[in-house]
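The block underneath contains the structure these notes are about, expressed in structure tokens.
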4 protein chains.
Amino acid sequence: MSPLNKHQLNLIRDERREQIKQAALKLFARRGYPGTKTSMIAAEAGISEGLIFRYFKSKEELFTTLVQELMEEAEKETENLQYLSGSPYEQIKTLTQGMLDESSKYAFMFILRARKTGEIPEAAARILEQHSVDVVLDRLIPIFVQGQQAGEFSSGDPRKLLAWYFYIINCLILEEVEMEEYGLPDVDFLMRLLTNGKS
Amino acid sequence: MSPLNKHQLNLIRDERREQIKQAALKLFARRGYPGTKTSMIAAEAGISEGLIFRYFKSKEELFTTLVQELMEEAEKETENLQYLSGSPYEQIKTLTQGMLDESSKYAFMFILRARKTGEIPEAAARILEQHSVDVVLDRLIPIFVQGQQAGEFSSGDPRKLLAWYFYIINCLILEEVEMEEYGLPDVDFLMRLLTNGKS
Amino acid sequence: MSPLNKHQLNLIRDERREQIKQAALKLFARRGYPGTKTSMIAAEAGISEGLIFRYFKSKEELFTTLVQELMEEAEKETENLQYLSGSPYEQIKTLTQGMLDESSKYAFMFILRARKTGEIPEAAARILEQHSVDVVLDRLIPIFVQGQQAGEFSSGDPRKLLAWYFYIINCLILEEVEMEEYGLPDVDFLMRLLTNGKS
Amino acid sequence: MSPLNKHQLNLIRDERREQIKQAALKLFARRGYPGTKTSMIAAEAGISEGLIFRYFKSKEELFTTLVQELMEEAEKETENLQYLSGSPYEQIKTLTQGMLDESSKYAFMFILRARKTGEIPEAAARILEQHSVDVVLDRLIPIFVQGQQAGEFSSGDPRKLLAWYFYIINCLILEEVEMEEYGLPDVDFLMRLLTNGKS
DNA sequence: CATGAATGAGTCTTCATTCAT
DNA sequence: CATGAATGAAGACTCATTCAT
């Protein structure tokens with residue numbers, strides 16, 4: 001009787017849900033939680049405003065869902081750090097490049113902004129608290145120390161240097177301004193922060 | 001005749017005005033124009049919400065006043081760049097330090113955020129347009145080139161290197177997160193972006 | 001000890017009170033109760049805003065006092081109607097002129113506006129209710145009938161004609177617009193409403 | 001696809017818009033711009049306060065829209081004056097009757113009040129300035145003069161007599177108080193202002 | 001399922017009123 | 001007594017959310 005069978009409906013549902021999540025991700029990433037109006041999400045997703053609420057109980061749930069899923073992904077990615085290959089320099093560079101890459105840009109931006117701004121739903125805040133950032137740093141320290149020993153990286157407290165370095169990378173991701181003239185600083189330029197500049 | 005003379009009243013008015021401006025500066029700097037509620041400004045200034053409107057016609061005027069005054073100050077500061085002393089490295093370092101300094105932090109953050117976000121009152125946007133950022137960069141190029149010749153700075157397009165460098169400094173100012181463990185990256189660390197790392 | 005003795009203080013008090021009442025009368029008359037801000041009254045009276053409240057407990061009390069006093073005066077004036085002299089035409093004309101006269105303009109306007117607008121304090125409304133407008137009309141009817149018999153006024157229900165006539169006079173008082181070109185209609189013109197136009 | 005087609009939605013929108021405009025017209029006409037609260041308009045229209053703002057950007061825009069539309073209509077009506085028929089007396093009477101008629105009452109009252117009170121939005125004031133009232137008067141003068149020659153109207157400066165007459169009509173429209181006993185003065189009564197009273 | 005009209009709680013702003021001086 | 005700075009409750013407007021269609 002119904003023109004669409006159950007399976008087809010599920011496909012539509014999933015697709016719509018994804019569509020909304022993508023739109024929301026981008027907007028929350030750039031504008032934060034309170035700065036993102038549901039009307040903007042609807043416009044970005046190309047749907048009506050009301051429809052969002054058939055897929056997510058509230059703006060809050062939509063946001064929290066995104067936090068949840070992104071953190072799970074991040075967890076997995078963190079695991080994959082061990083499979084980085086090449087010299088220490090190359091490994092860090094690859095990682096950096098990955099972070100600055102268009103494809104994952106909004107995911108990083110979203111999480112970073114959520115962390116920075118206190119202004120997120122309680123539930124989302126709790127999820128974020130469960131996932132420490134330091135884990136990543138810890139994994140990178142051995143690589144960095146190796147690089148120091150190889151003379152690729154400048155000497156100094158590895159933890160501090162990496163913390164500062166990634167702090168800067170994070171800031172760049174968050175700001176995302178398209179520099180009109182020169183574009184984003186390239187990765188080799190950024191890596192100077194870690195090297196002796198001899199390379 | 002009057003219980004408080006005119007002079008005393010003016011002092012009170014000026015003080016209140018300043019108090020409101022300081023509170024607003026801090027909040028606008030961190031949260032942007034729409035993200036800052038007048039109730040927050042009142043709370044930060046320790047006054048009632050209504051009082052703001054005896055000193056400023058509207059939230060919009062308060063914001064625009066800040067933009068105006070800060071840009072005038074910036075203009076003056078730009079003039080002072082010529083009086084920087086020391087080696088090129090030291091000059092850039094001093095400048096950087098000044099930008100990251102607590103005392104001027106909110107001023108920079110305010111202007112940077114205003115520029116980045118389109119979401120400011122029309123009037124404020126027009127004031128910002130009148131003041132180019134590139135002026136500062138142009139003033140620094142000769143210094144930088146001198147530093148390159150002296151071997152203090154790495155070679156490369158001076159304009160591009162400086163643009164990238166200050167872009168990063170700007171991002172740091174904008175983000176302002178207190179890194180729990182190590183604090184903000186120190187200036188010598190940041191300056192590695194410009195040097196060969198030999199120093 | 002005090003530079004002003006009690007008597008002098010009372011003089012000041014009375015004068016100030018009168019000053020405030022005059023200012024308020026004018027403004028309430030023109031703009032009605034809610035349309036008149038206390039700041040306007042203060043400005044019109046040339047005093048500070050706060051001072052009003054040393055002489056009147058509230059805007060409401062100020063308004064109600066005015067209603068009260070004006071109604072008492074009106075009562076007296078109504079008595080005086082019997083002393084009008086001249087022909088019926090002249091008597092009505094004199095009365096009309098008196099109503100349109102600058103000196104009593106605001107008093108009439110005030111009361112008329114108060115009556116028309118429901119938007120006045122409860123207490124004021126109750127005072128107004130106690131004083132019927134019809135009393136005046138009733139007093140005029142004999143005069144008007146006399147005029148009809150004398151051929152000065154056109155025939156017809158005297159009460160209705162007078163009611164309409166004064167309704168129009170009231171409207172003119174209420175509107176008070178300065179007609180640029182010709183000024184307010186003059187009384188003889190208005191009186192045509194009551195006469196045969198033969199005069 | 002959509003549950004209501006575009007046409008139906010437009011009907012709803014137009015109807016609501018009209019509903020709001022009617023409610024606003026009535027209230028603005030009676031109470032003026034600042035005296036009319038949006039909550040009153042909502043109540044009068046039988047809708048929620050917020051809904052007004054989906055149809056009009058602001059109270060100001062709602063008011064200005066009304067001014068605009070009413071002035072356009074007035075323009076057309078002014079054109080139609082030439083098609084008045086009957087004797088001069090009948091023509092003026094018809095016109096007067098039209099102005100006092102229930103159906104157009106609020107439109108006249110609205111415009112008259114807007115003109116009288118300076119307290120309207122800038123944009124509305126500018127529209128009003130573009131439309132002179134004198135045009136109507138000028139059109140009526142020939143008719144009136146004809147009536148004078150025919151002995152229907154009393155002699156005297158036609159422009160002045162008409163100005164006074166319509167000034168009074170305007171006042172009546174503005175005041176609109178329902179006279180309990182006798183209702184509004186009827187038109188023949190008012191016309192006595194212009195005639196010799198012989199008729 | 002999808003739409004967008006409708007609602008109401010919260011923000012910006014005004015204004016009567018209070019109060020320190 | 002007189003001032004004007006300060007307050008808070010109410011009006012204008014926005015936006016997440018609901019719901020008839």
Side-chain angles (χ1 to χ4, degrees), chain A residues 2-4 8-10 12-13 16 34 36-42 47-60 62, chain B residues 1-6 8-10 12-13 15-16 34 36-42 46-62, chain C residues 2-4 8-10 12-13 16 34 36-42 47-60 62, chain D residues 1-6 8-10 12-13 15-16 34 36-42 46-62:
Chain A
S2 139
L4 291 176
Q8 285 174 309
L9 281 178
N10 276 337
I12 290 179
R13 279 199 70 81
R16 278 274 177 279
T36 301
K37 315 302 174 195
T38 52
S39 58
M40 295 172 182
I41 299 174
I47 59 170
S48 73
E49 224 180 316
L51 194 52
I52 293 171
F53 295 87
R54 286 186 67 85
Y55 290 88
F56 299 90
K57 223 173 45 235
S58 64
K59 181 180 161 183
E60 187 172 326
L62 169 52
Chain B
M1 184 139 297
S2 103
L4 286 176
N5 63 38
K6 225 164 187 178
Q8 286 173 308
L9 281 175
N10 277 337
I12 292 179
R13 281 197 71 80
E15 197 187 320
R16 275 280 171 282
T36 301
K37 314 300 175 194
T38 53
S39 57
M40 295 172 183
I41 298 174
I47 59 172
S48 74
E49 214 176 329
L51 192 55
I52 294 172
F53 296 88
R54 279 183 67 87
Y55 290 88
F56 298 90
K57 238 188 11 255
S58 62
K59 180 180 160 184
E60 186 171 327
E61 196 202 77
L62 169 52
Chain C
S2 138
L4 292 175
Q8 285 173 309
L9 279 178
N10 277 337
I12 291 180
R13 278 199 71 81
R16 278 274 177 278
T36 302
K37 315 302 174 195
T38 53
S39 58
M40 295 172 182
I41 299 173
I47 59 170
S48 74
E49 225 180 313
L51 194 53
I52 294 171
F53 295 88
R54 286 187 67 85
Y55 290 88
F56 299 90
K57 223 171 49 233
S58 63
K59 180 181 161 183
E60 186 172 327
L62 169 52
Chain D
M1 185 137 300
S2 104
L4 287 177
N5 64 38
K6 226 167 186 174
Q8 286 173 309
L9 280 175
N10 277 337
I12 291 179
R13 282 196 72 81
E15 197 187 320
R16 274 278 170 282
T36 302
K37 314 300 174 194
T38 53
S39 57
M40 296 172 182
I41 299 173
I47 58 171
S48 73
E49 212 176 330
L51 191 55
I52 294 172
F53 297 90
R54 279 183 67 87
Y55 290 87
F56 299 90
K57 233 183 21 246
S58 62
K59 179 180 159 183
E60 185 172 329
E61 196 203 78
L62 169 52

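What you see below is based on every heavy atom in this structure, not just the backbone, and it leaves out hydrogens, waters and symmetry mates. Letters A, B, ... are given to chains in the order of the sequence lines, protein chains preceding strands, and every chain is numbered from 1. None of these values were measured; they are calculated from a predicted model.
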### Task
With pairs defined as Watson-Crick or G-U wobble and both distances under 3.5 angstrom, please note down DNA chain E as a dot-bracket string, | for pairing with another strand.
.||||||||||||||||||||
### Length of the line joining Ile41(A):CD1 and dA16(F):P, which is rounded to integer Å
8 Å
### Query
To the nearest Å, how far apart are Phe56(C) CZ and dA16(E) P?
16 Å
### Task
Could you tell me the separation between the CD1 atom of Ile52(C) and the P atom of dT3(F), rounded to a whole number of Å?
11 Å
### Phosphate contact (dA5(E) OP1 or OP2) by Tyr55(D) side-chain N/O below 4.0 Å
no
### Task
Round to a whole Å and report the spacing from CZ of Arg54(D) to C1' of dC15(F).
11 Å
### Task
Ignoring backbone atoms, test whether Arg13(D) places a side-chain nitrogen or oxygen under 4.0 Å from the OP1 or OP2 oxygen of dA5(E).
yes
### Query
Going 5' to 3' along nucleotides 8-13 of chain F, which nucleotides have protein heavy atoms under 4.0 Å from the base (write B), which only from the sugar-phosphate (write S), and which from neither (write -)?
B--SSB
### Task
For Ile47(B), report the nucleic acid contact type (base, sugar-phosphate, nothing); a contact means any heavy atom under 4.0 Å.
sugar-phosphate
Name each donor-acceptor pair under 3.5 Å that joins a side chain in residues 49-58 of chain B to protein atoms two or more places apart or in another chain, with its distance.
from: Glu49(B); atom 1: OE2; to: Thr38(B); atom 2: OG1; distance (Å): 2.9
from: Lys57(B); atom 1: NZ; to: Glu61(B); atom 2: OE2; distance (Å): 3.4
from: Ser58(B); atom 1: OG; to: Glu60(B); atom 2: N; distance (Å): 3.4
from: Ser58(B); atom 1: OG; to: Glu61(B); atom 2: N; distance (Å): 3.0

### Query
For dA2(F), does either OP1 or OP2 sit under 4.0 Å from a side-chain N or O belonging to Arg16(C)?
yes
### Query
Closest approach of Thr36(B) and Lys59(B), non-hydrogen atoms and distance?
O-NZ, 2.9 Å
### Query
Given atom CD1 of Ile12(B) and atom P of dT21(E), what is their separation to the nearest angstrom?
9 Å
